[in-house]
Amino acid sequence: MNSKHIKIWQTVQAIPLGKVACYGQVADLAGLPGRARLVGKALGAVPKNGWRGAKVPWYRVVNSQGKISFAPGSEHFNRQRDLLQDEQVVVIGARIKLPTFQWQPDLAELLFILEG
DNA sequence: CGTATGACGCATT
DNA sequence: TAATGCGCCATAC
């Protein structure tokens, strides 16, 4: 874990229930443009109990095509799909309709992230 | 120190 | 819509 991971976790915590964000989008918001892969790394390193008492909704992060990035049918894939569906996010196969479910932070949310 | 490998993204075909 | 190729960068060896 390092400061970049922490910034990424804070950004992911801002994704509202029922919405998703892309790896690249999270990277940009976290002040790490072009580093989508690092977001994947950071999410893989999320403490199981959450961070500083708060859960990190890692499952709300998908790739730029709106697809879950784990191998279809894998344990990880199924867990992410189930958690999303529990939040009323519609998952068809591995795909989520971004025009409907992608998070679009307003100015207040952007400022909040920059504070952290 | 070079190489390979990823929970990625984008342009091109 | 799908498949490639290339850029990206932290890690592992």
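Because only heavy atoms are used, hydrogens play no part in the values below, and waters and symmetry mates are left out as well, while side chains stay in. So that the names make sense, note that chain A is the first sequence line, chain B the second, and so on, each numbered from 1.
A/V56 and A/L17 fall into different hydrophobic clusters, where Ile, Leu, Val, Met, Phe, Trp and Tyr side chains are chained together by heavy-atom contacts under 4.5 Å. Linking Ile, Leu, Val, Met, Phe, Trp and Tyr whenever their side-chain heavy atoms come within less than 4.5 Å leaves A/I6 and A/L114 in two separate clusters.
Each of A/L38 and A/K67 was assigned the nucleotide of DNA chain C with the nearest heavy atom; the assignment lying further toward the 5' end belongs to A/K67.
Residues from residues 69-96 of chain A lying near DNA chain B, meaning a heavy-atom separation below 4.0 Å, are A/S69, A/F70 in numerical order.
For A/S64, counting side-chain heavy atoms from C-beta on, the closest listed nucleotide (B/dA7, C/dA10, B/dC10) is B/dC10.
Within the structure, ring pair (Phe, Tyr, Trp, His ring centres under 6.0 Å) contacts touching residues 88-116 of chain A (residues at least two apart or in different chains) do not occur.
Residues A/R81 and A/Y59 fail the side-chain proximity criterion, which asks for heavy atoms closer than 4.5 Å.
Taking atom CG on A/L32 and atom P on B/dG9, their separation rounds to 14 Å, with Å as the unit. One interatomic measurement links the two molecules: CD1 of A/I8 to C1' of B/dC8, which rounds to 12 Å at whole-angstrom precision. A/K41 places its NZ atom 11 Å from the P atom of B/dC8, with the value rounded to the nearest Å. If you measure from atom CG of A/L29 to atom P of B/dG9, you get 13 Å, rounded to the nearest angstrom.
Separation of atoms CH2 (A/W9) and CG (A/L43) is listed at 9.5 Å; rounding is to 0.5 Å.
Partner of A/R60 under the side-chain contact (heavy atoms from CB on, under 4.5 Å) criterion, chosen from A/K19, A/Q13, A/E87: A/E87.
Residue A/R37 has no polar side-chain atom (N or O) positioned under 4.0 Å from OP1 or OP2 of C/dA10.
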